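Down below is the structure, laid out as structure tokens.
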Amino acid sequence: MAQPNAAGDLDAVALETALLETWGQENAFQSSIDSRRSGAPFIFLEGPPTANGKPGIHHVVARAYKDLVCRWKTMEGFLVERKGGWDTHGLPVEIEVQKRLDLMSNEQIESFGMKEFNQACRESVWTYEESWREMTERMGYWIDLDNPYVTLDNNYVESCWWALKQMFSKDLLYRGHKVLPYCPQTGTSYSSHEVAQGYKEVEEPSVYVKFKLVDQDASILAWTTTPWTLPGNVGLAVGPEVTYVRVKVTADAENWQGAGGASIGEELILAKDLMKEVLRHHAEVLEEFPGSELVGKAYEPLFPDAVPRGDSQTAWTILEADWVTTTDGTGVVHTAVMYGEDDYNLGMAAGLPAHHTVEMNGSFCKGVHPQLDGRYVKECDGTIIELLSSPGGSNGKGPQSGLLYREKLYSHDYPHCWRTDHPLLYYAMDSWFVRMTAVKERLIEFNSQTEWAPDWVGEGRFGEWIRNVKDWAISRERYWGTPIPVWRSEDGQMKCVGSIAELQQEVALAVAAGFENPDCPDDVDLHRPIVDEFTFVSDDGKPMKREPFVMDCWFDSGCASFAQWHYPFENKDTFESSYPIDYICEGVDQTRGWFYTLLAVSTTVFDSISYKRCLSLGLILDAEGKKMSKSKGNIVDPWDHFNREGADATRWYMVTAGAPWSPLKFDPNGVRETYAKMFLTLWNVYKFHADYAALDGFDPEKSANDVSSRPALDRWILSRMSSVASEYHNDFVSWNFHKACRDLEDFVVNDLSNWYVRRSRRRLWDEAENEDKASCQHTLHEILVVICRLMAPISPFMVDVIHRNLTGQPVHQAAWPLGVPGSLEGATSDEWDIEAAAATATIPPVDKKLEETMSLVRELAEAGRRIRVDAGRRQRLPCAQGWIVAGPDVSIFHDILAEELNVEEIAIEQDLNRFQKVELAPNFRTLAPKARAEVNAVSNEIKNAQNPDEMLAAIKAGGMQILGVDIDENDVEIRRAERDGFAAETVTIGQGEDAFQVSLVLDMQDTPLLLSKGLARDITRRIQAKRKEMDFEIEATIDLQVWLQNAPEMFESDQTWIATETRSAAAVFHSEGQAPANADSFTVDGISVQFTVE
RNA sequence: GCGCGGGUAGCUUAGUCGGUUGGAGCACCCGGCUGAUAACCGGGAGGUCGCAGGUUCAAGUCCUGCCUCGCGCACCA
């Protein structure tokens, strides 16, 4: 068993880096897992980061919370395996490579070569892997980075294929259209994330267009900000509840600006609320009616040749849509099916023809209109306006004034291409979908089984998302990703493969049918363009080509729970025994990301919950409260802190700075403060113990005396430790890590360092063996061991060093002080025998009464200092007596209190009235319900009572009334104030009904004995400072001479005391004579002192 | 625009069921204490509890509206 070595000064960075070496040599991470092999499994899943960006401090935060739960559960005896993971597919990777190779469009990528491009992506993915690894190791995040899952691995892709095939077989996968922001120049559609970066405010022409009704001499007015979508118009939407009016133009407009107009007598239809906004003519309202009356009416197409009717019954008629509002436009929404999401959904529901009027390159299709065909749509605004304005309008069937009513410049935010700066077009693209709407009820049910921290993310943000779930657009027209394993013939027959074996079968089938195919070996690369080259054969002998999409990379990570094991092709047992997951933890920005896709995949593939607990972390902001982002350049480099305060302080700061789910303003000063406060203090407590333990050859295993026989001070700190530890644990369970750590920090700094150690220093100075010293050493040892174990999950470095030195055992092998439920027979990650678990706890005994007593003692000590400040009496000058008036018995700590107060004797005084008078205060809690509106009047009567003693007596006697209100003892609070002429303080302990008051009175009389003692303390203090200044060894002896002037008598016993305290071999006190010139001097209360030390 | 979460001292924050004197820490000032560390203790200064209404005997706390910051959704005719 280890006898502790001396500690030395703290160099946190050196300590941590040296410990990392040790961990590496010992394989400490693995052995912390191996030693819990027989424990119940606790399943953690790492959300895979992308390694194509440099890790910042926000990544450290997420990893700290992942690590702390895993370490904590491990210490609780659970088996917590931790496989690393990397997210390697997706648009961010492609964009990075496109920037580097200057390939700004799909055309350019394809002429560069898809194979070469994807190779570049594959390499780019690992650009910062080394940085990530270094950061991960340095911060002490224990995760297996040597055997990670990687989403680009063939095995991983194959598992994703398998999952997709499950969806395909359950008819949850389908091909459709989705309207996406699209850049015709780069030929790329964008995810919302990219679009969000490209919003710009632009001013564009918006137009009010007349749609001439068939069979009626009236036009419906509709508004659009994108004139280029007008040729694609196939419908008009109105709100069924909205009120519309039919108006007749009665006079020409004055000051008309721009094109368009209307003739006198023309009739127009629009929402009543918007008449003022829209109309520029005087007009007479002919009738009013709800939108539902318009539904079904037909109107003349603006560009009759642009869109073929097909078999649509509803094309160019008025439709209803409940999302139509009257905040903008005319209350009538122009609907071009292919160029707006609402339009598309409405068009599909209503059976409008889905036909493009715009090519993928952004120009109008042939046949739209002779003046528009082949031109870039954004350049045609003027032409379209001209065509509409001509007599009869673009279709020749409108009124003489044309089909344009008005044009108006309109400014709004509009998405632009992040690279070319061109405006994006909303454009309906072929796309693949997972039918999430079909499993919505299951999603809701599974979500209700998940424990969210904080719960409002689960119920609110995530719940909201799920309740409004839409089908998941899973395909991307990109290159670098998991290819969609669906092959399709021109006539729409489809096959989905779920494994390499199935791929090989299909290829063989096609080859047999005479279709040429490249080789398809067992290790065929499952990426583009290899997989694109395979041709399948349909059941009726037609060729099938692969759908040219890759999957949303969120699909990849959503498969992580099984794809990491290459399930179902390998590791069936491993997966099945580790599902569902017990714990995941990521930033709240993953709500619609990973949190969702994990659940989406598990619901559609396994019809199962995915994870049982989810900790959703708040965003990390910089010290100014701005989001950290690469573009703002305000990312904090974790190494700034790893190299200065160390990873312990950085991690502890992150956890104590706020609740895990609150946004964290990362303040570099805060890390420094944490280091200085928590870690230096803890180290110095440890050093105090370890240095004396080393000196004395202290062995914690030997002669450990029973706690009950130790001094009250020891029993107090042990009890406090226990109480704090229990609360700490409870806070962990309820995810309140910040509260847990703040309380523990308070314990270390205040209770342990500032009180227990301060009060115990002298106990260890004694060089001889004695029971009191042993008690103190055992106590310190036991406290430090518990603290180390409690802190280990949060900040694993320094406490491991301390724990090893104190016990010989690494802290990550140690048991959680509150018990090890994971190691119990029959325990699972969720349930265990509570009593049996409690029996495994190793915290010291609790004595609440003792804690309360000490708390009172400390309050009194503080009160004593206040008294001295008020009375102008210096702390070193003793008082003859202190009286404690009222309150519980604290005699067990009278000796401590006497020292703290610097009084010769503590006495208990029963007679309150000797020092105090009574004051009464109303208790509103009980009084208010009785007195109702009179409460303030009654309260004044009580507060201003002429004779409170009498009033109190009357109340106690019963039957007392004030202003007709019965007053009993509960209705008043008794407060006490010092009578004039006493130096006293009253403290209130506790709250509410349990509150009581204790007073402290100090005797301010001086006596020669006291003056001598006080002077002795002042002199001693100065000499000690001098010793320190002269850098004497603690054991060194000195020769002392003191010259006093204007001083009270210095008693023999005090002279001896000074000599002993200052380790003076010889001490001479001169009451007269001249001190040498080199003597130090000071003055206190008019006494002048000079002294020399040699 | 909709939803969620914030706004408390110069900064970081605590504040439970509404209870009459809103606590800490950092920084600042004064004093004390120290063989006690980047310390500790006492005191001081510093607050329109985002703003405005309302409910109540009583509002930082509950209600309504607004302002503002962050995030998410929708950006839409």
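Side-chain atoms are counted along with the backbone in the values below, which use heavy atoms only and exclude waters and symmetry mates. Predicted model, so just to flag it, every value in this text is computed and none were measured. Throughout, a chain's letter reflects where its sequence line sits, starting with A, and its residues are numbered from 1.
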Provide the distance between the two [atom1] atoms, one in [N] and one in [M], to the nearest whole Å.
N: B:rG46; M: B:rA27; atom1: C1'; answer: 11 Å
N: B:rC51; M: B:rC11; atom1: P; answer: 15 Å
N: B:rA52; M: B:rU68; atom1: C1'; answer: 15 Å
N: B:rG70; M: B:rC28; atom1: P; answer: 31 Å
N: B:rG72; M: B:rG25; atom1: C1'; answer: 33 Å
N: B:rC33; M: B:rC49; atom1: C1'; answer: 36 Å
N: B:rU61; M: B:rG43; atom1: P; answer: 29 Å
N: B:rG7; M: B:rU12; atom1: C1'; answer: 14 Å

Identify the pairs formed between an N or O of the protein and an N or O of nucleotides 55-57 of chain B at a distance under 3.5 Å, and give each distance.
residue : atom : partner  : partner atom : Å
B:rC57  : O2'  : A:Asn936 : ND2          : 2.9

So [X], base contact, sugar-phosphate only, or nothing? Heavy-atom distance under 4.0 Å.
X: A:Lys687; answer: nothing
X: A:Phe688; answer: nothing
X: A:Tyr426; answer: sugar-phosphate
X: A:Arg876; answer: sugar-phosphate
X: A:Asp667; answer: nothing
X: A:Leu680; answer: base
X: A:Arg858; answer: nothing
X: A:Glu464; answer: nothing
X: A:Thr225; answer: sugar-phosphate

Pair A:Tyr182 + A:Tyr426: ring centers closer than 6.0 Å: no
Return the nearest nucleotide to the side chain of [X]; candidates are [options].
X: A:Arg1017; options: B:rA77, B:rG15, B:rC33; value: B:rC33
X: A:Val333; options: B:rC41, B:rC76, B:rA77; value: B:rA77
X: A:Asn754; options: B:rA77, B:rC40, B:rU34; value: B:rC40
X: A:Trp456; options: B:rC41, B:rA14, B:rC4; value: B:rC4
X: A:Lys677; options: B:rU37, B:rA77, B:rG25; value: B:rG25
X: A:Asn684; options: B:rC75, B:rU37, B:rA77; value: B:rU37

In chain order, what residues pass the side chain to side chain contact (heavy atoms under 4.5 Å, CB included) check against A:Trp465, with sequence neighbours excluded? A:Arg592, A:Tyr596
Partners of A:Asp746 by side chain to side chain contact (heavy atoms under 4.5 Å, CB included), sequence neighbours excluded? A:Asn750
Relative to each other, are the rings of A:Trp452 and A:Phe462 parallel, tilted or perpendicular (30° and 60° limits)? tilted
State the syn/anti category of B:rC62 according to its glycosidic angle, syn meaning within 90° of 0. anti
Would you say the side chain of A:Trp223 lies within less than 4.5 Å of the side chain of A:Val332, judging by non-hydrogen atoms? no
Does A:Ile1019 reach the side chain of A:Glu1061, with side-chain heavy atoms less than 4.5 Å apart? no
On the side chain of A:Arg461, is there an atom forming a donor-acceptor pair with the base of B:rC73 - under 3.5 Å, no angle test? no
Considering residues at least two apart in sequence or located in another chain, which fulfil the salt bridge (charged side-chain N to carboxylate O under 4.0 Å, His left out) criterion with A:Arg467? A:Glu464
Pairing of A:Asp731 and A:Arg742 as salt bridge, 4.0 angstrom limit: no
Salt bridge check, A:Glu900 against A:Arg759: does any charged N sit closer than 4.0 Å to a carboxylate O? yes
OP1 or OP2 of B:rU13 versus the side-chain N and O atoms of A:Arg742: is any pair under 4.0 Å? no
Below 4.0 angstrom from OP1 or OP2 of B:rA77, is there any side-chain N or O of A:Thr224? no
For RNA chain B, please output the secondary structure as dot-bracket, reading 5' to 3'. Pairs are Watson-Crick or G-U wobble, both atom distances under 3.5 Å; mark crossing pairs with [ ], other-strand partners with |, unpaired with a dot. (((((((..((((.....[...)))).(((((.......))))).....(((((..]....))))))))))))....
Please list, one pair per line, the donor and acceptor atoms closer than 3.5 Å that link side chains of residues 670-681 of chain A to other protein atoms, with sequence neighbours excluded.
residue  : atom : partner  : partner atom : Å
A:Thr674 : OG1  : A:Gly670 : O            : 3.0
A:Thr681 : OG1  : A:Lys677 : O            : 2.3

Interatomic distance where CG belongs to A:Asp751 and C1' belongs to B:rC40 [whole Å]: 14 Å
Contact summary for A:Val179 and A:Glu341, nearest pair of heavy atoms: CG1-N, 3.9 Å
